[in-house]
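What follows is a set of notes on a single structure, which appears directly below.
Given the structure is predicted, the values throughout are model-derived calculations rather than measurements. Protein chains get the first letters and strands the later ones, always in sequence-line order, with residue 1 at the start of each.
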There are 2 protein chains.
Amino acid sequence: MGITTLTTATLPQTPRPIYHGSGAVSFSTKGEYGVRLMVHLARHHGSGPASLAGIAAEEDLPRAYLEQLVVNLRESGLVVSTRGAHGGYELSRPPEAMTMGEVLRALEGPIAPMVCASDDPEHAITCDRSARCTVNVLWVRVRDAVTGALDSMTLADLVPPRAVTPDDVARDDHDGAMPPP
Amino acid sequence: MGITTLTTATLPQTPRPIYHGSGAVSFSTKGEYGVRLMVHLARHHGSGPASLAGIAAEEDLPRAYLEQLVVNLRESGLVVSTRGAHGGYELSRPPEAMTMGEVLRALEGPIAPMVCASDDPEHAITCDRSARCTVNVLWVRVRDAVTGALDSMTLADLVPPRAVTPDDVARDDHDGAMPPP
DNA sequence: TCCATATCCGACGAATTCACTCGGATATCA
DNA sequence: TGATATCCGAGTGAATTCGTCGGATATGGA
C-alpha cells in the first residue's frame with residue numbers, strides 16, 4: 001500500500017439522521033444548511049472571503065454539498081466569490097439589507113404551498129378548475145403568511161449579538177456551561 | 001376472451017402532470033386532495049354520508065388514493081364513516097367549527113418547517129447545537145405564521161357562498177364567461 | 001515557476017418518499 | 001343474496017433528496 005497522503009483532511013463528520021423531512025411545510029437541508037452558511041458569512045462580514053472548507057468545519061456540514069448550495073446563492077447575487085488561494089465567499093450586501101425571503105427563495109425556489117399559489121408569477125399555474133376552485137384562497141393566505149414572516153427578517157436578525165469585547169472570538173470553546181435540561 | 005364485465009366503472013381520469021411539488025413550503029397531493037375532499041363534504045353537509053366513488057367522480061380525483069387519505073381524517077375524528085350500501089363519510093362537526101389547521105395536520109402531520117420547530121411537542125427535537133443555534137427563531141416565526149393562517153380559517157370559509165337559488169346546481173356548464181386577462 | 005489552496009462544473013448513486021394501484025375482507029341495505 | 005360501501009395491507013415505478021467523487025480552472029505565495 002502506497003503512502004496515500006490525506007490531501008483534504010476528511011474529518012469524521014458527525015452522524016446525520018439519514019432522513020430529514022417529516023411533516024408539513026418542511027424545508028429541505030438545502031434551506032437549512034444554506035441559511036446556516038449565510039449566517040456564518042454574516043457573522044464574519046467585513047473580514048474578507050471565507051472558504052467553504054472553513055465553514056464546513058466550523059459549522060459541521062458536508063463540504064461538497066455546500067458547494068452545490070452556494071451556486072444558487074451566487075447566481076442570485078447574494079454572495080460574491082473570489083477564486084484561488086485565500087479565496088472564498090462573502091455577502092454582496094450588509095446583513096441588514098438581506099431578507100431571509102431572498103435567501104430562502106434562492107435556495108429552495110419560489111414560495112408556493114400549491115402550484116396555483118406561487119410566489120413567482122413565472123411559475124404560477126392557474127388550475128384548470130379555477131372557476132369553481134374556492135380552495136385557492138387558503139393557499140394564498142398561507143403563502144402570504146410565510147412570505148410576510150420571511151421578508152420581515154434580515155440576516156442581521158439571526159447573528160448573535162456580540163455583547164462583550166471583540167477579542168473573545170479567539171477562544172470560544174466554553175463547553176459545560178449550559179443550563180440543566 | 002371472456003366477457004369481462006366492468007364492475008367498477010373506471011372512468012378515464014384526466015391526465016395529471018406527473019409530479020407536483022416545486023418550491024418551498026409546498027404541500028403534497030395528500031394535503032391538496034384531502035382539503036378538496038373536506039370542502040366537498042362541507043358543501044353537502046347535512047345530507048347524509050357521501051361515498052368516495054361519488055366524490056372521486058365529481059372532484060376528478062383517484063378514488064383508491066382518496067381511500068388512503070381519508071384514514072387519517074377518520075382517525076383524527078374529523079370525519080365519521082358509515083359502512084355498507086349507501087354508506088360514506090360526513091363531517092363530525094359543522095364546517096364552521098373545523099379549522100384548516102386541524103385538517104392539514106391530520107393529512108400532512110405536524111407543522112414543522114424544521115425538526116427543531118415542530119408544532120407537535122411530541123416530535124419536537126431540540127437540535128444538539130441549540131446553545132449557539134440562533135437560526136431557530138426564523139423557523140419558529142415561519143411556523144407561527146403558518147399555524148396562524150391555518151387556524152384562523154375554517155372549512156366554512158372555503159365553501160362557495162350559494163348566492164342564488166339552490167337549483168342552479170343542476171347545470172353549471174357556463175364556459176367562456178371569464179373576465180378578460 | 002511550482003504548488004497549495006480555492007472555486008467551478010458535471011456526473012453519479014443510494015436511500016427515501018410520492019403518488020398511486022390492487023386484491024381481498026367485512027359490513028350494510030334492498 | 002347480491003350490490004354497494006368502507007376497511008386494510010401490501011406492493012410498485014418514478015422522482016426527489018442528499019449527498020459523493022473526479023477533474024478543470026484560477027490565484028497567491030515560496
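Distances shown here put a side-chain N or O of Tyr33(B) below 4.0 Å from the OP1 or OP2 atom of dC20(C). For the OP1/OP2 pair of dC8(C) and a distance below 4.0 Å, the side-chain nitrogens and oxygens of Arg74(A) include at least one atom meeting the criterion. Phosphate contact (OP1/OP2 of dT17(D), side-chain N/O of Ser28(A), threshold under 4.0 Å): absent.
The stretch residues 78-94 of chain A comes close to DNA chain C through Ser81(A), Thr82(A), Arg83(A), Gly84(A), Ala85(A), Gly88(A), Tyr89(A), each having a heavy atom under 4.0 Å from the strand.
Checked by distance alone, Gln68(A) brings no side-chain donor or acceptor within 3.5 Å of a matching partner on the base of dC18(D).
What separates CG of Leu66(A) from C1' of dG19(D) is a distance of 11 Å, to the nearest Å. Between the CG atom of Leu52(A) and the C1' atom of dC8(C) there is a distance of 11 Å, given to the nearest Å. Separating the OH atom of Tyr65(B) from the P atom of dA10(D) is a distance of 18 Å, rounded to the nearest angstrom. Following rounding to the nearest Å, Leu61(B) (CG) and dC20(C) (C1') show an atom-to-atom distance of 12 Å. The distance from atom CG of Leu107(B) to atom C1' of dA19(C) is 15 Å, rounded to the nearest whole Å. Atom P of nucleotide dC18(D) and atom CG of Asn72(A) are separated by 14 Å, given to the nearest angstrom. Note: CZ (Phe27(A)) to P (dC18(D)) measures 13 Å, nearest angstrom. Look at CD on Glu75(B): it is 16 Å from P on dT6(D), rounded to the nearest Å.
Between Val135(A) and Val39(B), the closest side-chain pair of non-hydrogen atoms falls below 4.5 Å.
Residue whose closest nucleotide on DNA chain D sits further toward the 5' end, between Ser51(B) and Glu67(A): Ser51(B).
Salt bridge absent: Arg36(B) and Glu58(B) never bring a charged side-chain N and a carboxylate O closer than 4.0 Å. In summary, Asp119(B) and Arg143(B) do not engage in a salt bridge, as defined by a charged side-chain N under 4.0 Å from a carboxylate O.
If you check the side chains of Glu102(A) and Ser76(A), you find no donor sitting under 3.5 Å from an acceptor. Side-chain contact annotation: Ser51(B) with Tyr89(B), donor-acceptor N/O pair under 3.5 Å absent.
Using bins of under 30°, 30° to 60° and over 60° for the plane-to-plane angle, the ring pair Trp139(B)/Phe27(A) lands in the tilted bin.
Heavy atoms of other residues, nucleotides or ligands lying less than 6.0 angstrom from CZ of Arg141(A) number 12 at most.
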